[in-house]
Amino acid sequence: ESKKKYDLIFLDAYNGYERPKHLYDKQAYRLMSRRLNKGGVLVVNFVALSVGDCSSNSAKLEASFNHVRSTSNRDKSPERFNAIFYATNI
């Protein structure tokens, strides 16, 4: 297992409208959290199919990171929208 650490991890993994679920779960977020240097940031591009979908992803991130913030374009398309999450442990 690699011990390499990063200042920034950017997660943007999609195949059309599908996202690989194993990259957007609590276990993956815990691993990414451990791979960040002190002060490092995980940036997650997330296509949400509903507000609940977005809230669920936020809860998964909050289980692994001390600080989570997000922004979205939900006002343009409330049924399906893009959200960007920023997560850090500082």
Worked verdict on L42 versus L36 for side chain to side chain contact (heavy atoms under 4.5 Å, CB included): CA-CA 8 Å; L42 170 65; L36 287 171; 4.2 Å; yes
I'd like to know if V41 and F10 are part of one continuous hydrophobic network [Ile/Leu/Val/Met/Phe/Trp/Tyr, side-chain heavy atoms within less than 4.5 Å]. yes
State whether the side chain of S55 and the backbone N or O of V51 hold a donor-acceptor pair below 3.5 Å, judged by distance alone. yes
Closest approach of R30 and S64, non-hydrogen atoms and distance? CG-OG, 3.0 Å
In Å, rounded to the nearest 0.5 Å, how long is the span from NZ of K3 to CZ of R34? 9.5 Å
Show which side-chain atoms of residues 82-90 pair as donor or acceptor with protein atoms under 3.5 Å away, not counting sequence neighbours.
from, atom 1, to, atom 2, distance (Å)
N82, ND2, N45, OD1, 3.1
T88, OG1, G40, O, 2.8
T88, OG1, I90, N, 3.4
N89, OD1, N66, N, 3.0
N89, ND2, S33, OG, 2.8

Hydrophobic cluster identity match, V47 and L61, side-chain contacts under 4.5 Å: yes
Tell me, yes or no, whether the heavy-atom count around K5 atom NZ, taken from other residues, nucleotides or ligands under 6.0 Å, exceeds 12. yes
For L11 and Y29, which heavy atoms make the closest approach, and how far apart are they? CD2-CE2, 4.1 Å
S56 OG to F46 CZ distance, which is reported to the nearest 0.5 Å: 7.0 Å
When rounded to the nearest 0.5 Å, the distance separating CG of N57 from NZ of K26 is 11.5 Å
Heavy-atom pair of closest approach, residues M32 and L23: CE-O, 3.6 Å
Over all heavy atoms of both residues, which pair between A13 and Y24 is shortest? Give the atoms and the distance, please. N-OH, 3.2 Å
